[in-house]
Amino acid sequence: MFTQLNINAGLSFGAMLVALFCVISSARKNLTRFQHGTYFIICLSALASGICMFAEEFFLTFSKAGDESYIPFFTIEFLFFFFHSFFAPAYALYVLSLNGTIAGRNKNIWYAYWTPVFLVELLNVVNIFIPSESRPLYTIVTTAEGGYAYQRGNLMFILYVVAFAYVLFGIIAFFKNIKALNSRKITTIILFNIFTLLGVFFQMIWVDVKFECIFESMSILAVLLLLENDNDILDPNTNLYNQIGFFSDSEVAMAANRKFSIITLMTGDFFQYLEMLGKEKIDGIEVEMAKFLKSAYHSSYIYHLQNGKYALIVYENKKVKAMDIAEQIKERLQKPWSHEQIEGAARWTITIARVPEDIDKPSQLHYLFLETMVNSDEKVILRSGNDLRFIQRRSKVEAAIARGLQDNNFKLYYQPIWDVKRNKIVSAEALLRLIDPEIGLISPVEFIPIAEEKGSIIEIGHWVFEEACRFARRNDIKNLGIGWLEINLSVHQLPERNLAGRFLETAHRYGIEPSFLNIEITESADVDDNDELAERIETLANVGFPLSLDDYGTGYSNLTRVIRSKFRNIKLDRSLLLSAEIDKAGQTVLASTYDTMNSLSFHTIQEGVETEEQKELVINYGAEMIQGFFFSKPIPEKEFIEYVIKFNDIEYIA
Ligand code: C2E
Ligand code: MG
Ligand code: MG
């Protein structure tokens, strides 16, 4: 029977099958995002159009002229226009969803968007009720041969104008935000346009051949194969979008200049838990977690990255506030999951970042997943704005430290130490600077703790030590009246095995006596509790390095221990001086500190003297040496040498 059908039936049948394939494939994927929803509408529209076209051919072939046959023919045409009118607007929406314009938009906008379609449908309905001769859209006429033929009405052009307007809108949207599209999306959209436009073009040339539908079906097939294969961005366990989805969606939304927030959740305890509970239970917790997150927010914008990391992309509006969602998540995370044996023991960090206020580049997304060292008993930590800036700065400084070691961006500055009785500069403290080409000058107060945490302090420490030796050797500073150098040592350098040995070796290499290199250590509770560290300090003294106790008077100094220790110099912190300036109590503390230190024959160096008055004050209390801005800030090598030559009145022959 099909042999009787003409080529049009074949084309329509093909169009129908291809569209059916696309509909089934896309429905089976169960993807929730707007993109997939619009694609599904395009497919349905193409499928319905294909069915109508095929039915029309079928009808034309097998029906005989007669009033009762006219009705189904007319109905088919009606349905065709009804469904086909959705094709162009859905296509334009699809482009908008790809380039990040749509996600999270207010729904009211879409009523306006669909209005022209609604008007076209109205015209389609009106068409039924108008007398046959003057139908505005189309009419069915009886042919001379006794069959039926389709005839366009006067207002048919409106359908084309509307469809064209939507297509144009899609094309403008495409070019306007093309930077948000990757090459695969661009290729697909171009292919889609070429196929559909070719269909329209052929249709116009060969009016009698049904090209349009088959070309439309080809175009949706291209989209299915190239873009709608989202299986690889879904996490199979939770059915949430995965890491790839998160990064690509964030990138698209940023490129589209959208304002939104990203919430990330992570637990540092993941692997510990995996070990403890096993894969099956962890999978169960993940599913439970996904279910909870879906109840808190749109599943379309929830991502399960991996190993205890989740993210949400939140487009805020009057009803949806990222902070509310984060608070809700925080509350839930305090409580246990049903698969957990221990009552909610995993610790979580939730981070909220606003785009573009807190981060504005895809390359900054990893900041959200950086752990911060926090001493907090809280089970769930919520970080936002300022924390994020802190994390970001920290991460940049970390990078600067690594770069600094590689590219030699560290510099050693020297601050003179003045001897009260001799009125000479007798020593200098070597103070480290990091001059990064990107960030600029970074203070040791900032980068030393980071280097300590990251372990790079070991390498930095050796660089400082060697550089100080080189400095002493090259400038022959002994002959300028400099009796020794003060070099800072972090307690985090102490665990290094053979630290003292390496220092000795370096000093020898530069021909410098260990007694010329005073090592400054800031005491802390860690050292006090740790006999091994205390031993290491002693070893340094035993091999010949004199020791200075730095920052005495700040927080921690165990006096008994100090007295029993091998320190030669005690450096009194600036804060002692500042409180002596404030009141009697401060003066008593400073006075008794000097009395104690002097009676125990420690040498004292007062830190942080900025004014003449301060200088006189500490001299009165018995300070032996003074270091501070009053004399000089820490300065580079060359300046320091010039300063000392001048101050110590040295006749120096270069
Ligand atoms: P610190 O060892 O107590 O060094 C003295 C700090 O006080 C220096 O800060 C110095 O610039 C500052 N200072 C000196 N005189 C005055 C003054 O009159 N007024 C004020 N307001 N400040 C004054 P800087 O250079 O920023 O170093 C800070 C800290 O960084 C040092 O404190 C030390 O703990 C650490 N540090 C510096 N260089 C190194 C190093 O090579 N290794 C290690 N491990 N730590 C270092
Ligand atoms: Mg120091
Ligand atoms: Mg100090």
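As the structure is a prediction and not an experimental result, all values here were calculated from the model. In each ligand, atom 1 is the first atom listed, and ligand 1 is the first ligand listed. By convention here, the first residue in the shown sequence is residue 1.
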Classify the ring geometry between Phe640 and Tyr414 as parallel (under 30°), tilted (30 to 60°) or perpendicular (over 60°). tilted
Hey, does Leu432 come in under 3.5 Å of ligand 1, counting only N/O atoms on both sides? yes
Would you tell me which option among Gly608, Ser548, Pro444, Ser490 has the nearest heavy-atom contact to atom 29 (C) of ligand 1? Pro444
In the structure I gave you, are the side-chain heavy atoms of Arg383 and Ile391 within less than 4.5 Å of one another anywhere? yes
I'd like to know if atom 9 (O) of ligand 1 has any protein heavy atom within a distance of less than 4.0 Å. no
Are there protein heavy-atom neighbours of atom 6 (C) of ligand 1 below 4.0 Å? no
Among the N/O/S atoms of Glu429, select the one at the shortest distance from the Mg ion (ligand 2) and name it. OE2
Examine ligand 1 and decide if any of its atoms is less than 4.0 Å from a heavy atom belonging to Glu429. yes
Under 4.0 Å from atom 12 (C) of ligand 1, is there any protein heavy atom? no
How does Thr522 reach ligand 1, by side chain, by backbone, by both or by neither, if only non-hydrogen atoms under 4.0 Å count? neither
Would you call Asp551 and Lys571 a salt bridge, using N to O less than 4.0 angstrom? no
Ligand 1 contacted by His492 (non-hydrogen, < 4.0 Å): no
Cationic N near anionic O, under 4.0 Å, Lys638 to Glu642: yes
Within the side chain of Tyr643, is there an N or O that forms a donor-acceptor pair under 3.5 Å with the backbone of Phe631? yes
The answer for which part of Glu607 has a heavy atom under 4.0 Å from ligand 1 is side chain
Per atom 17 (C) of ligand 1, closest listed option by heavy atom (Phe630, Tyr413, Phe629, Phe631): Phe629
Ligand 1 versus Lys571, non-hydrogen atoms closer than 4.0 Å: side chain, backbone, both, neither? neither
Students often mix this up, so state it plainly: with edges at 30° and 60°, are the rings of His304 and Tyr310 parallel, tilted or perpendicular? parallel
Suppose I only count heavy atoms of Glu520 and a 4.0 Å limit; which atoms of ligand 1 are within that range? 2 (O)
the protein heavy atom lying closest to atom 20 (C) of ligand 1 turns out to be Glu610 OE2, 3.3 Å
Under 4.0 Å from atom 34 (O) of ligand 1, is there at least one protein heavy atom? no
N-O pairing of Arg354 and Glu316 below 4.0 Å: no
Check Lys259 with Glu357, please: is the shortest side-chain N to carboxylate O separation under 4.0 Å? yes
Per atom 39 (C) of ligand 1, closest listed option by heavy atom (Ile521, Asn488, Ile626): Asn488
Lys/Arg-Asp/Glu bridge criterion (N-O < 4.0 Å) met for Lys396, Glu438: no
Should Arg470 and Glu466 count as an ion pair when the cut-off is N to O under 4.0 Å? no
Apex the Mg ion (ligand 2); atoms Glu520 OE1 and Asn488 OD1; angle rounded to 10 degrees: 90°
Could you check whether the rings of Tyr303 and Tyr241 sit parallel, tilted or perpendicular, using 30° and 60° as the cut-offs? tilted
Is the Tyr301 ring parallel, tilted or perpendicular to the Tyr315 ring (thresholds 30°, 60°)? perpendicular
Applying a heavy-atom cut-off of 4.0 Å, say which part of Val464 lies close to ligand 1: side chain, backbone, both or neither. side chain
Test of understanding: given a 4.0 Å heavy-atom threshold, classify the contact between Asp551 and ligand 1 as side chain, backbone, both, or neither. side chain
The single option from Gln606, Gln415, Glu486, Arg574 passing side chain to side chain donor-acceptor pair (under 3.5 Å) against Gln627: Gln415
Could you tell me whether any N, O or S atom belonging to Glu607 is less than 2.8 Å from the Mg ion (ligand 2)? no
Kindly confirm or rule out an N or O of Gln627 lying under 3.5 angstrom from an N or O of ligand 1. no
What N/O/S atom of Asp550 gets nearest to the Mg ion (ligand 2)? OD2
